[in-house]
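Presented below is the structure to which this report refers.
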Amino acid sequence: MDFTVLAKGIALAGCAIGAGLALIAGIGPGIGEGNAVSKALEAIGRQPECKGDVTSTMLLGVALAETTGIYGFVTGLLLIFVAPGMFMNFLG
């Protein structure tokens, strides 16, 4: 039995599972950004005169939260498109 075929299949399955798990990372930033915006809207509703300060701080926080989702997305893309080719070259 040729074990290189089995090894290639396991490597591809690992890349697919890892990419799926990495892309789940987009859920957290979505929930966090929704909470941040809702709390900012509550603050603006209570004190409309602080709209500029709250909005700028909220936008900075949302941008920082979004980076975690982008890191997960990039990791998933690398596992889908780059890693399988590296494994196939390594396994022969």
Side-chain angles (χ1 to χ4, degrees):
M1 182 174 191
D2 189 15
F3 288 107
T4 58
V5 174
L6 181 63
K8 288 180 181 182
I10 291 172
L12 289 175
C15 287
I17 292 169
L21 291 174
L23 293 176
I24 290 175
I27 294 173
I31 294 170
E33 291 169 14
N35 285 337
V37 171
S38 72
K39 296 298 181 183
L41 290 175
E42 285 179 17
I44 292 171
R46 291 175 194 262
Q47 293 183 343
E49 65 274 1
C50 69
K51 179 182 177 183
D53 294 335
V54 171
T55 303
S56 62
T57 305
M58 179 205 59
L59 288 176
L60 180 63
V62 167
L64 289 174
E66 187 65 30
T67 58
T68 59
I70 292 171
Y71 290 147
F73 180 68
V74 169
T75 303
L77 287 178
L78 289 174
L79 283 171
I80 291 171
F81 295 111
V82 177
M86 292 175 58
F87 282 127
M88 296 308 118
N89 290 337
F90 179 71
L91 294 173

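This structure is a prediction, so every number in the text was calculated from the model and none was measured. We use all heavy atoms of the structure for the numbers below, so side chains are in, but hydrogens, waters and symmetry mates are not.
- I24 and I17 end up in the same hydrophobic cluster when Ile, Leu, Val, Met, Phe, Trp and Tyr side chains are linked at under 4.5 Å.
- Among residues two or more places apart in sequence or in another chain, the side-chain contact (heavy atoms from CB on, under 4.5 Å) test is passed with L41 by V37.
- Put simply, L23 and L21 are part of two different groups of oily side chains (I, L, V, M, F, W, Y) that touch within less than 4.5 Å, one to the next.
- In this structure, the separation between CE on M88 and SG on C15 is 7.0 Å, given to the nearest 0.5 Å.
- I80 meets the side-chain contact (heavy atoms from CB on, under 4.5 Å) test with A19; sequence neighbours excluded.
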Listing, residues 48-70 side-chain donor-acceptor contacts under 3.5 Å, not counting sequence neighbours, or none:
| from | atom 1 | to | atom 2 | distance (Å) |
| --- | --- | --- | --- | --- |
| T55 | OG1 | K51 | O | 2.7 |
| S56 | OG | G52 | O | 3.1 |
| S56 | OG | D53 | O | 3.0 |
| T57 | OG1 | D53 | O | 2.9 |
| T67 | OG1 | L64 | O | 2.6 |
| T68 | OG1 | A65 | O | 2.8 |

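- L79 belongs to no multi-residue hydrophobic cluster, having no ILVMFWY side-chain contact under 4.5 Å with any other such residue.
- Applying the side-chain contact (heavy atoms from CB on, under 4.5 Å) rule to L78 yields the partners V74, V82; only residues at least two apart in sequence or on another chain are considered.
- The side-chain contact (heavy atoms from CB on, under 4.5 Å) check on A22 picks up T75, with sequence neighbours excluded.
- Its side chain outside the 4.5 Å cluster rule for every partner, Y71 clusters with none of the Ile, Leu, Val, Met, Phe, Trp and Tyr residues.
- Connection of I10 to F3 is established within a shared hydrophobic cluster, with ILVMFWY side chains joined at heavy-atom distances below 4.5 Å, either directly or through further cluster members.
- Considering only heavy atoms from C-beta on, L12 stays 4.5 Å or farther from F87 through its side chain.
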